[in-house]
Amino acid sequence: MDKQTFLDNFSNLDYPRKTYLCYEVELLVGENSIPLDEYKGFLHNKGADMGLERCHAEPIFLERMASWNLDTELHYRITVFISWSPCPDCADELVKFLRENRHVNLRIFAARIYDYLQGYEAGLRALKAAGTDVAMMTFQEFEYCWKNFVDHQQDEDESFPLWDNLDVESEELTKNLEGILQNQED
DNA sequence: ATTTTCAAT
């Protein structure tokens with residue numbers, strides 16, 4: 001991914017009107033995990049521009065996961081870094097996928113909480129109930145994505161240019177998320 | 001004083 005695209009979209013201080021999703025897959029063998037680089041990448045939602053039907057990032061990702069045909073006899077961990085947390089509908093779709101794919105374990109790190117649509121809290125709780133670890137991205141995850149999903153070309157060692165208040169915002173969002181996930185109402 | 005949310009004007 002382009003540097004500026006990453007910084008613009010994953011900043012936890014802004015409100016971009018699009019969503020990027022980075023993903024990677026590990027094969028779990030006993031206590032070991034083996035990265036499967038062939039299933040690593042990123043995507044973004046489709047807008048209504050250019051006549052395309054709009055689609056959130058998650059359905060696109062679900063389609064991609066299904067196309068991998070991961071071996072049902074094996075066990076995988078899929079890690080997702082997404083700039084906006086899943087909306088209620090997408091959360092339901094993810095839960096449905098996880099119910100049908102017990103060999104897949106999902107972790108989601110979100111840069112920001114998408115709290116625009118009603119029922120977003122219940123959606124996030126449903127994901128957690130389905131066994132997904134849902135957490136906010138912290139410096140560690142931002143830096144990890146910077147190193148693993150951003151193109152650096154000549155500057156291989158270019159360090160992650162963190163922004164002011166990254167940690168403050170991340171901590172605040174983490175508190176909000178924990179409150180949402182602990183709440184029993186649905 | 002401080003919006004913005006997977007666009008559309």
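Everything quoted here is computed from the prediction, not taken from an experiment. Side chains included, hydrogens not; waters and symmetry mates left out as well; all remaining heavy atoms used.
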Starting at atom [atom1] of [X], determine the distance to atom [atom2] of [N], rounded to an integer number of angstrom.
X	N	atom1	atom2	result
A/Glu53	B/dC6	CD	P	17 Å
A/Leu117	B/dA7	CG	P	11 Å
A/Glu121	B/dT5	CD	C1'	14 Å
A/Leu62	B/dC6	CG	C1'	14 Å
A/Glu169	B/dT5	CD	C1'	13 Å
A/Ile180	B/dT5	CD1	C1'	14 Å
A/Leu21	B/dC6	CG	P	15 Å
A/Asn176	B/dT5	CG	P	18 Å

Mind checking salt bridge (Lys or Arg N to Asp or Glu O under 4.0 Å) for A/Lys18 and listing every partner two or more places apart, or none if nothing turns up?
->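 If we apply the salt bridge (Lys or Arg N to Asp or Glu O under 4.0 Å) test to A/Lys18, skipping adjacent residues, there are no hits.
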N or O in side chain of A/Asn45 less than 4.0 angstrom from B/dA7 OP1/OP2 =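 True: A/Asn45 side-chain N/O within range (under 4.0 Å) of B/dA7 OP1/OP2.
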Look at A/Tyr114 and B/dC6 and indicate whether a side-chain polar atom (N or O) is within less than 4.0 Å of OP1 or OP2.
->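 Affirmative; the distance criterion is met.
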Under the side chain to side chain contact (heavy atoms under 4.5 Å, CB included) test, residues paired with A/Tyr15 that sit two or more places apart |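 Partners of A/Tyr15 by the side chain to side chain contact (heavy atoms under 4.5 Å, CB included) criterion, ordered by chain and then number, come out as A/Trp84.
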Could you tell me the separation between the CZ atom of A/Arg112 and the OG atom of A/Ser170, rounded to the nearest 0.5 Å?
->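 That separation rounds to 12.5 Å.
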Pairing residues for A/Tyr116 by the ring-ring contact (aromatic ring centres under 6.0 Å, His included) criterion, not counting sequence neighbours =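 A/Tyr116: no ring-ring contact (aromatic ring centres under 6.0 Å, His included) contacts found.
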By ring-ring contact (aromatic ring centres under 6.0 Å, His included), which residues pair with A/Phe42, not counting sequence neighbours?
->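 ring-ring contact (aromatic ring centres under 6.0 Å, His included) check on A/Phe42 returns nothing, list empty.
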[atom1]-based separation of [M] from [N] [nearest Å]:
N	M	atom1	result
B/dC6	B/dT2	P	23 Å
B/dA7	B/dT3	P	22 Å
B/dT9	B/dT5	P	14 Å

Under 6.0 Å between ring centres, would you say that holds for A/Phe160 and A/Phe139?
->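 For A/Phe160 and A/Phe139, the ring centres are under 6.0 Å apart.
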Transitive ILVMFWY cluster of A/Val168, excluding itself - 4.5 Å side-chain cut-off =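 A/Val168 clusters with nothing; isolated.
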If you look at every strand shown and take non-hydrogen atoms under 4.0 Å, does A/Cys55 touch a base, only sugar-phosphate, or nothing?
->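 No contact at all - A/Cys55 keeps every heavy atom at 4.0 Å or more from the nucleic acid.
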Between the protein and nucleotides 1-4 of chain B, list the N/O to N/O atom pairs that are separated by less than 3.5 angstrom.
{"unit_1": "B/dT4", "atom_1": "O3'", "unit_2": "A/Arg17", "atom_2": "NH2", "d": "3.3"}

